[in-house]
Visitor: 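My questions all concern the structure below.
First the proteins, then the strands, lettered A, B, ... as listed; each starts at 1.
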Protein chains: 2
Amino acid sequence: MTPRMTTSSYAVLALLDLRPWTAYELTNQAQRSLRYAWPKSERLLYSEPKKLVELGYATTHKEASGKRSRNVYEITDAGRRALREWTGSKTQPPRIEAEALLRLLFADHGTLEDLRGALDELETDVGEHHQAIVELMASYLNGGHPFPQRTHLSVLFATFQIEIFKTIERWIEFAREEIDEWPTTRDLGMTPRTETLTRLLAEDQSPLNP
Amino acid sequence: MTPRMTTSSYAVLALLDLRPWTAYELTNQAQRSLRYAWPKSERLLYSEPKKLVELGYATTHKEASGKRSRNVYEITDAGRRALREWTGSKTQPPRIEAEALLRLLFADHGTLEDLRGALDELETDVGEHHQAIVELMASYLNGGHPFPQRTHLSVLFATFQIEIFKTIERWIEFAREEIDEWPTTRDLGMTPRTETLTRLLAEDQSPLNP
DNA sequence: TTGACTCTACTGCAAGATGCAGTATATAGT
DNA sequence: ACTATATACTGCATCTTGCAGTAGAGTCAA
């Protein structure tokens, strides 16, 4: 059977439309640019270009780099046509995975310290990404964008990331202040404070910095 | 070989610690409560409890519901011990998957209308979740929480969701206004407006409602 | 110059996770 | 009586990840 195109296949195909890459370069590029919209493993990024070749959406040729050879992948016209069709199709719903939040939901199995630890880890993880994107923007100002004509897209996307990271960081601060008032993680239930929060949320209001 | 415990296994185990469930009930409950922290497929939620039984972390017994039988899963003491250990362990970094954002990153392969379409779909998807959580909070006020003693946890988590949804919705509005100024999706590069944005982001400032 | 790292450049394999089709009974509404 | 929906699952193909393993090339230092 011929393989089918997944969203990940289109992501790689879109990268190939920018320029030819080796699979190794694709993994690096995907780390930098796709990571926050469509995070995929290194292993997959090595497999996808092969699939694209099988489907006729890319070609591959060996290049010598010293004594070693490396496989360079290039998009074909059929690949470009496939890309254009993808652009108009339905998107999959977004999806957020955060084990730290799962820990919050079940924090009553552990201590307040466990919960604070989970929040700390979330803060560290988000903080790293946050810093990375701020630095990336600084590099764009010095002409550091690898595809200058695409800067408007990268920057609009970066706006999304910064907003999300700031929101998570503000929420972490808020959550810390809330749990500082908790005597324990268990069986607090609908405290007056929680009722206030619930009322705000039920009216779709933000309890943060009011 | 005995199966190993994944984060998903612990998520199910944590649900089993609340009360005994059938796999069918678990899928429903996971839809309502885990969806935004640890979204997992129905199929997996049917498999995990079996694995827990194999590991000795749960027991199962058949119950008659009319003429049919259903498998009810219950946590064991070993299961509760495993849960406690999990609570103190390291968390996995968070992960956001959004095909609509991928479309934005590669919007220069399509039309402005394609891009607007992707933003519309993102808005619809987020809007549904947003509304659902607001309604859930309203139901909590009427004593609708299935485990009242855990309300403080659910509500703090809901705060996170609402903040994220609001942020995404605000960003969508912002993005729409930005692209309304674009004559096309392609080759705009570092326009004066994009440079202003980049500068703000490089200083870690929010370009939204300044 | 030998050894220790790190970077480049992959592949194989087991296991985790998803989507979908299929099976079947129970119950509620028309 | 018919139909739709909810309950209660299983099998299978495919997608995806993590990890171990292989190996050449460049760098720096003892």
Visitor: Hey, does S47(B) reach any base, or is it just sugar-phosphate, or nothing, if we go heavy atoms under 4.0 Å?
Guide: nothing
Visitor: Pick out the pairs of N or O atoms, protein on one side and nucleotides 5-7 of chain C on the other, that lie under 3.5 Å.
Guide:
none

Visitor: The criterion is salt bridge (Lys or Arg N to Asp or Glu O under 4.0 Å); which residues satisfy it with D17(B), sequence neighbours excluded?
Guide: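 Residues passing salt bridge (Lys or Arg N to Asp or Glu O under 4.0 Å) with D17(B): R80(B).
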Visitor: Specify the residues of residues 4-17 of chain B, ordered by number, for which at least one heavy atom lies under 4.0 angstrom from an atom of DNA chain C.
Guide: R4(B), T6(B), S8(B)
Visitor: Going by the salt bridge (Lys or Arg N to Asp or Glu O under 4.0 Å) test, which pairs reach into residues 160-172 of chain A, not counting sequence neighbours?
Guide: K166(A)-D204(B)
Visitor: Suppose we screen for side-chain hydrogen bond (donor to acceptor under 3.5 Å, both in side chains). Which residues come up paired with S89(A), at least two apart in sequence or across chains?
Guide: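 By the side-chain hydrogen bond (donor to acceptor under 3.5 Å, both in side chains) rule, S89(A) matches R103(B).
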Visitor: With heavy atoms under 4.0 Å as the rule, sort K50(B) into base, sugar-phosphate or nothing.
Guide: sugar-phosphate
Visitor: Compile the donor-acceptor pairs under 3.5 Å between side chains in residues 29-39 of chain B and protein atoms, sequence neighbours left out, one pair per line.
Guide:
residue: S33(B); atom: OG; partner: Q29(B); partner atom: O; Å: 3.0
residue: Y36(B); atom: OH; partner: H129(B); partner atom: ND1; Å: 3.0
residue: W38(B); atom: NE1; partner: S8(B); partner atom: OG; Å: 3.0

Visitor: Go through the structure and list residues passing salt bridge (Lys or Arg N to Asp or Glu O under 4.0 Å) with E42(B), not counting sequence neighbours.
Guide: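 None.
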Visitor: Please list residues of residues 86-94 of chain A whose heavy atoms come under 4.0 Å from any atom in DNA chain C, ordered by number; otherwise none.
Guide: none
Visitor: Not counting sequence neighbours, list each pair that qualifies as a salt bridge (Lys or Arg N to Asp or Glu O under 4.0 Å) and has a residue in residues 117-132 of chain A.
Guide: D120(A)-R176(A), E123(A)-R176(A)
Visitor: Using the side-chain heavy atoms of R95(A), tell me which of these nucleotides is nearest: dA8(D), dA9(C), dT18(C).
Guide: dT18(C)
Visitor: Could you give all pairs that pass the ring pair (Phe, Tyr, Trp, His ring centres under 6.0 Å) test and reach residues 75-101 of chain B, with sequence neighbours left out?
Guide: Y10(B)-W86(B)
Visitor: With sequence neighbours excluded, tell me which residues meet salt bridge (Lys or Arg N to Asp or Glu O under 4.0 Å) with R150(B).
Guide: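 With sequence neighbours excluded, R150(B) shows a salt bridge (Lys or Arg N to Asp or Glu O under 4.0 Å) to D108(A), given in chain and number order.
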Visitor: Which residues in residues 31-45 of chain B have a heavy atom closer than 4.0 Å to any atom of DNA chain C?
Guide: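 Nucleic-acid contacts, sorted: P39(B), K40(B), S41(B), R43(B), L44(B).
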